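Residue numbers count from 1 along this sequence. Start at 1 and go down the list; that is how both ligands and their atoms are numbered. Predicted model, so just to flag it, every value in this text is computed and none were measured.
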Amino acid sequence: MELLKTKVKDLLKMEAGAEVLAKGWVRTKRGNKEIAFIALNDGSTIKNVQIVVDKNADTEPVLAKIGTGACIGVRGRLVESVGSGQAVEIKASEITVYGECDPMRYPLQKKDTSFEYLRTVAHMRPRTNTFGAVLRLRSQMAFAIHEYFHSRGFVYLHTPLITASDAEGAGQMFQVTTLDLENVPRNKKGKPDYTKDFFGKQTSLTVSGQLEGELGATALGEIYTFGPTFRAENSNTPRHLAEFWMIEPEMAFYDIKENMDLAEDFIKHLVRYALDNCRDDIQFLNDRYDPELIGRLESVIGTDFVRLEYTEGIKILEEAAKNGVQFEYPVFWGADLQSEHERYLVEKHFGKPVILTGYPKDIKAFYMKQNEDGKTVRAMDVLFPKIGEIIGGSEREADLGKLEARIDELGMSRKNLEWYIDTRRFGSCPHSGFGLGFERLLLFVTGMQNIRDVIPFPRTPKNAEF
Ligand code: 4AD
Ligand code: MG
């Protein structure tokens, strides 16, 4: 009978005795005159399986072809390991070399494996222990997100990537066009004639699936989106990407408090899932880079998040500034909080995550429910240690008149938004939602320092390689 390949992850849990077939990439080869030891990794786990090969006239020519990075298949018996570090190893009886790897040209020399350098070597990056761990965690987190909502009866709604509306009203959209930029058709006013464009109007990549998500929620009850979003903001920070993934649940009949409850439960569930299901990878990242990682993850799960009004938050920050804390950006009522302010509240003042609510309406998007004071809106930002804002959300303005007035006040085009405003005309309902930045979550869960290093192919200003 043909022997099927077993993943290294599963091999390492098996009892000695079985005949097995493993396939993967060589991490190291060492040995003595009689025996060679090969550490083989197949990406299924951070752990390698040790291959033991007797050196003789048959195996020497094969072993000569095998160096770090080579791709091989190994058939052999699983035996108890005499060495420490693993319970079982494979005593090889047959080795197939699928792809040699020239040691002289191997791009991963020990001397330069900085994250910046690795970003330039696309094929090697996922083969490192660090990115293997990060990418497995990323996949596990995506699964946990779907599972969380699925098990609570939320409908997964696919919102469009190409859109004509700027949901956040921040004017940071990437235009999508098939017009010939060398020869743009013009209308009578001399402006580009978008009626000639592919969609017959000006379109862009979406900055958020929320507006379409609201149409789903006000029919299906509870929905979530999970997809890529695009922002042409020129922010070269360790927390911004031009292409990032966002999870946006939207719930009919939730007020701001229920929205906060869901956000807190959701994010705690995800962190707990990571600790329970990705322990080896998290342990590796903890031991290698960030000895406080596991402690930080556990502390978030075990604590009630602080819920604080923006106005109170500003008072705390003003007090801190008065007492000598140096902030780069000024603090005053009405200011948009910078990550330094958010992190001060979370890391220094409270020592735990904070949900900030009641923001000034002028620094938030048009769709947020207006408070009675006429100055603030029912926004909520969830602020996390090391990250700052990880979630942004709000209760939505359900009142037709107030929504229209706000759109006009901001000088936005009502015409483009009629399809959205219709939800308030025909059976409007109170509802709320939020957006979790997937890579910000991964920054937190992995302890990585730069958001470029938690996504396989980062897109940032002046960088769209691969
Ligand atoms: O606060 P934001 O802009 O909110 C929205 O887009 C709402 N439509 C969400 C909603 O209510 N449905 O973005 C939400 C989250 C932020 O808290 C942050 O975690 C992440 O998305 N985010 C980014 N992540 C990486 N790079 C960027 N440039 C990001 N911009 C926002
Ligand atoms: Mg925000």
Check your understanding: Do Tyr289 and Gln449 meet the criterion of a side-chain donor-acceptor pair at a distance under 3.5 Å?
Key -> no
Check your understanding: Can you find a side-chain donor-acceptor pair between Glu214 and Tyr420 that sits under 3.5 Å?
Key -> yes
Exercise for review: Could you tell me whether Phe131 and Phe115 have their ring centroids closer than 6.0 angstrom?
Suggested key: yes
Revision key, fill the gap. With heavy atoms and a 4.0 Å threshold, my read on which part of Ile390 contacts ligand 1 is backbone
Point to revise | atom 15 (C) of ligand 1 - nearest protein heavy atom and its distance | key: Gly435 O, 3.6 Å
Revision key, fill the gap. Nearest non-hydrogen protein atom to atom 18 (C) of ligand 1, with distance, is Arg440 NH1, 3.5 Å
Review point. Does a side chain donor of either Arg127 or Asn41 reach within less than 3.5 Å of an acceptor in the other side chain?
Key: no
Point to revise | Presence of salt bridge, Lys201 and Asp197, under 4.0 angstrom | key: no
Check your understanding: Do any heavy atoms of Ala167 fall under 4.0 Å from ligand 1?
Key -> no
Point to revise | Electrostatic pair Arg378-Glu372, nearest N-O below 4.0 angstrom | key: yes
Point to revise | ligand 1 atoms in contact with Gly393 (distance to a heavy atom under 4.0 Å) | key: 11 (O)
**Study point:** Charged N-O contact under 4.0 Å between Asp42 and Lys7
**Key:** no
Review point. Is the shortest side-chain N to carboxylate O distance from Lys386 to Glu292 below 4.0 Å?
Key: no
Point to revise | Residue Asp381, metal the Mg ion (ligand 2), N/O/S under 2.8 Å | key: no
Exercise for review: Indicate whether any N or O donor in one side chain lies under 3.5 Å from an N or O acceptor in the other, for Ser208 and Glu248.
Suggested key: yes
**Study point:** Atoms of ligand 1 close to Arg239 [distance to a heavy atom under 4.0 angstrom, numbered from 1]
**Key:** 25 (C), 26 (N)
Exercise for review: Kindly say whether the aromatic ring centers of Tyr329 and His341 come within a distance under 6.0 Å.
Suggested key: no
Point to revise | Side chain, backbone, both or neither: the part of Met246 lying under 4.0 Å from ligand 1 by heavy atom | key: side chain
**Study point:** Arg138 and Asp281 ion-paired at < 4.0 Å
**Key:** no
Exercise for review: Indicate, as side chain, backbone, both or neither, the part of Gln172 found under 4.0 angstrom from ligand 1 when only non-hydrogen atoms are considered.
Suggested key: neither
Point to revise | Residue Glu389 atom name (nearest to the Mg ion (ligand 2); N/O/S) | key: OE2
Revision key, fill the gap. heavy-atom search around atom 9 (C) of ligand 1 in the protein gives Glu248 OE2, 3.2 Å
Check your understanding: Less than 6.0 Å separating the ring centroids of Phe154 and Tyr148?
Key -> no
**Study point:** Top protein contact for atom 17 (O) of ligand 1, by heavy-atom distance
**Key:** Glu389 OE2, 2.6 Å
Review point. What about Phe244: any of its N or O atoms under 3.5 Å from an N or O on ligand 1?
Key: no
Review point. Would Phe230 and Phe174 count as a close aromatic pair, with their ring centres under 6.0 Å?
Key: no
Check your understanding: Can you find an N or O of Gly392 that's nearer than 3.5 Å to an N or O of ligand 1?
Key -> yes
Exercise for review: Looking only at protein heavy atoms, identify the closest one to atom 10 (C) of ligand 1 and say how far it is in Å.
Suggested key: Gln210 OE1, 3.2 Å
Practice item. Name the option, out of Arg231, Glu233, Glu168, that contains the heavy atom nearest to atom 31 (C) of ligand 1. Key: Arg231
Point to revise | Any N/O pair Leu436/ligand 1 closer than 3.5 Å | key: no
Practice item. Taking only Lys NZ, Arg NE, NH1 and NH2, and the carboxylate oxygens of Asp or Glu, determine whether Arg406 and Asp362 approach each other closer than 4.0 Å. Key: yes
Review point. Counting only heavy atoms, which portion of Ile391 has something under 4.0 Å from ligand 1: side chain, backbone, both, or neither?
Key: backbone
Check your understanding: Taking N or O atoms only and a 3.5 Å limit, does His240 qualify as a polar contact for ligand 1?
Key -> no
Exercise for review: Answer side chain, backbone, both or neither: which part of Tyr367 comes under 4.0 Å from ligand 1, heavy atoms only.
Suggested key: side chain
Point to revise | Close N or O approach (Arg396, ligand 1; < 3.5 Å) | key: yes
Point to revise | Nitrogen or oxygen atoms of Gly437 and ligand 1 under 3.5 Å apart | key: yes
Exercise for review: Give a yes/no verdict on whether any heavy atom in Ile451 is under 4.0 Å from an atom of ligand 1.
Suggested key: yes
Revision key, fill the gap. Of all protein heavy atoms, the one nearest atom 26 (N) of ligand 1 is Leu241 N, 3.0 Å
